Engineer: 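Got a structure for you, written out below as structure tokens; questions coming shortly.
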Amino acid sequence: MSFSSKVKAELCRVTVERDCCKIAELAAIIHTSGTIKLAGRDRVGICITTENACIARRAFMLIKELYGINPEILVRKNKRLRKNNSYLLLIPQSVYSKRILSDIYIFYRDRDGKNNVCSGIHEDLIKRPCCKRAYLRGAFLGGGSVSDPEKGYHLEFVSHRNEYSEDLCELLNYFDLHAKIVERKNNFVVYLKEGEHIVNLFSIIGAHTALLNLENIRIYKDMRNNINRIVNCETANLGKTVNASLRQIDNIKYLKENSEYQKLPHSLKEIAELRLNYPDASLKELGQMLSPPMGKSGVNHRLRKLDQLADDLRIKKGEI
């Protein structure tokens, strides 16, 4: 089972007490995975399609608890064996379908008694914070997905309608989730990219187990990344130290080969001998061997002076 399927399975077990929240969640499921079937003589039907059995049971339960009816359930076997079966929940009764569509503000009458069609999210559906949370839970069940956090952080909602995607994006950003919209293959995708925002969304919609699992993975990945950065930094520093030591030894030997070594003052000879005898020692360690001991900056100054003398000699001899 994918991480996304585990999250949806957990959300399907969330207990909802208020009818307003049940309607908001059902509205989101119908908006994202439902279709409206229009027939003659003003007949209307609703069909909810999903490949997830948990979501089918969830929608069935919501409809039964709210309206006291049992939707017709059909199982369609997909032609490709690799894919899951499709579950269809049908509400062919026009009376109930019209009532549901009115309750979720797809077909509704305004204050002037005029019939209206809403392709976005009607504000009356999400008046309360609890209804906002329930709606987002239903939207994720019907049209959402989340990537495996081991591979990356990405959560998205797919919609066919631009108006709906804009309303959904605005609803997500009500909770400061920094959602954005991108158009992909004639669909509108509302997405979150930051692990922190996905964790916050899981908390909002009630996926607490998924939240903890995602946080554990985030902590592990952050720790691993920090260790890698530290190791890379140490490796880089070690490489610089080794390269500097080799260059210093080469310059000291060059001064000796050209009879310039004997002309050096005692302080430079002292650090030069230590560098030749202890090629792997750090500047701090070399400084502690001096008498009296010296800090890293003083040791570095003397070694740079030796480098400069060697370079000046090479320039004088025309080797550079």
Side-chain angles (χ1 to χ4, degrees), residues 1-16 22-37 45-67 69-92 97 100-101 104 106 119 121 134-161 164-165 168 172 182-192 198 201-202 205-207 209-211 213-214:
M1 183 182 292
S2 67
F3 182 74
S4 188
S5 297
K6 291 178 181 177
V7 177
K8 291 185 178 182
E10 181 184 0
L11 292 177
C12 288
R13 297 191 295 270
V14 174
T15 302
V16 183
K22 293 178 182 178
I23 291 174
E25 184 175 329
L26 178 62
I29 293 174
I30 293 176
H31 273 137
T32 52
S33 60
T35 54
I36 301 171
K37 297 183 177 295
I46 299 174
C47 176
I48 299 173
T49 305
T50 177
E51 293 183 355
N52 190 311
C54 295
I55 298 174
R57 286 194 295 269
R58 180 75 169 187
F60 183 94
M61 178 199 71
L62 291 172
I63 294 170
K64 184 176 182 179
E65 291 179 356
L66 287 168
Y67 303 100
I69 61 173
N70 295 329
E72 182 181 351
I73 301 178
L74 301 178
V75 180
R76 179 184 296 166
K77 184 175 291 187
N78 286 320
K79 295 180 181 180
R80 297 182 180 180
L81 298 178
R82 295 181 179 178
K83 289 195 172 183
N84 299 324
N85 294 331
S86 294
Y87 300 90
L88 284 72
L89 274 71
L90 303 175
I91 307 174
S97 296
I100 293 173
L101 293 175
I104 65 177
I106 289 182
S119 58
I121 304 173
Y135 193 94
L136 289 177
R137 180 168 56 249
F140 184 79
L141 288 173
S145 63
V146 60
S147 62
D148 185 347
E150 290 282 3
K151 299 178 181 178
Y153 304 125
H154 182 83
L155 184 147
E156 67 181 31
F157 303 82
V158 180
S159 172
H160 301 298
R161 302 183 301 277
Y164 180 79
S165 64
L168 182 59
L172 288 164
V182 65
E183 188 172 355
R184 183 200 301 159
K185 295 181 180 179
N186 298 322
N187 290 322
F188 298 92
V189 180
V190 183
Y191 67 93
L192 307 178
I198 296 174
L201 176 61
F202 285 170
I205 61 181
T209 301
L211 182 155
N213 291 335
L214 179 55

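Below, all heavy atoms of this structure are taken into account, side chains as well, without hydrogens, waters or symmetry copies. The structure displayed is predicted, hence computed values, not measured ones.
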Engineer: What's the separation between atom NE2 in His154 and atom OH in Tyr191, rounded to the nearest 0.5 Å?
Structural biologist: 8.0 Å
Engineer: Quick one: CD1 on Ile121 to CD1 on Ile104, what's the gap to the nearest 0.5 Å?
Structural biologist: 11.5 Å
Engineer: Is any side-chain heavy atom of Ile29 closer than 4.5 Å to a side-chain heavy atom of Leu62?
Structural biologist: yes
Engineer: Given Glu25, which of Leu141, Leu136, Val14 fulfils the side chain to side chain contact (heavy atoms under 4.5 Å, CB included) condition?
Structural biologist: Leu141
Engineer: Between atom CD1 of Ile91 and atom CD1 of Ile46, what is the distance when rounded to the nearest 0.5 Å?
Structural biologist: 4.5 Å
Engineer: How close do Thr32 and Gly138 get, counting heavy atoms only, and between which atoms?
Structural biologist: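 Smallest heavy-atom distance, with atoms named: OG1-O, 4.1 Å.
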Engineer: Which value, rounded to the nearest 0.5 Å, describes the distance between Glu156 atom CD and Ile198 atom CD1?
Structural biologist: 10.5 Å
Engineer: Return the minimal non-hydrogen interatomic distance between Cys12 and Arg58, and the atom names on each side.
Structural biologist: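 Shortest heavy-atom contact: O-NH1, 3.0 Å.
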Engineer: How far apart are the closest heavy atoms of Arg137 and Ile205, and which atoms are they?
Structural biologist: NH1-O, 3.1 Å
Engineer: Kindly assign one of parallel, tilted or perpendicular to the pair Phe3 and Phe202, based on the angle between their ring planes and the thresholds 30° and 60°.
Structural biologist: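 If you compare the ring of Phe3 with that of Phe202, the planes turn out tilted.
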Engineer: Would you call Cys47 and Lys37 a side-chain contact if the rule is heavy atoms closer than 4.5 Å?
Structural biologist: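 Of all side-chain heavy-atom pairs linking Lys37 with Cys47, at least one is under 4.5 Å.
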Engineer: Hey, what do you get for CD1 (Ile23) to OH (Tyr135), rounding to the nearest 0.5 Å?
Structural biologist: 13.0 Å
Engineer: Looking only at non-hydrogen atoms, find the nearest pair between Leu168 and Ala139 and report the distance.
Structural biologist: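 The pair with the smallest heavy-atom distance is CD1-CB, 4.2 Å.
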Engineer: Indicate yes or no: at least one non-hydrogen side-chain atom of Tyr87 is less than 4.5 angstrom from one of Ile55.
Structural biologist: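 A side-chain contact is absent here, since even the closest heavy-atom pair is not under 4.5 Å.
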Engineer: In this structure, are over 12 heavy atoms from other groups packed under 6.0 Å from Arg161 atom CZ?
Structural biologist: yes
Engineer: Can you tell me how the ring of His31 sits relative to the ring of Tyr164, calling it parallel under 30°, perpendicular over 60° and tilted otherwise?
Structural biologist: tilted
Engineer: Would you say Arg76 and Asn85 make side-chain contact, with heavy atoms under 4.5 Å?
Structural biologist: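 Counting from C-beta outward, Arg76 and Asn85 never come under 4.5 Å.
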Engineer: Tell me if a side-chain donor or acceptor on Ser4 pairs with a main-chain N or O of Ser145 at a distance below 3.5 Å.
Structural biologist: no
Engineer: Kindly give the heavy-atom pair with the smallest separation between Asn52 and Thr50, and that separation in Å.
Structural biologist: N-OG1, 3.0 Å
Engineer: Step by step, would you call Leu214 with Val146 a side chain to side chain contact (heavy atoms under 4.5 Å, CB included)?
Structural biologist: CA-CA 11 Å; Leu214 179 55; Val146 60; over 6 Å; no
Engineer: Measuring from atom CG of Leu211 to atom CD of Glu10, what distance do you get when rounded to the nearest 0.5 angstrom?
Structural biologist: 9.0 Å
Engineer: How close do Gly142 and Ser33 get, counting heavy atoms only, and between which atoms?
Structural biologist: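 Nearest heavy atoms, Gly142 then Ser33: O-CB, 3.7 Å.
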Engineer: Donor-acceptor pair, Ser159 side chain versus Phe188 backbone, under 3.5 Å?
Structural biologist: no
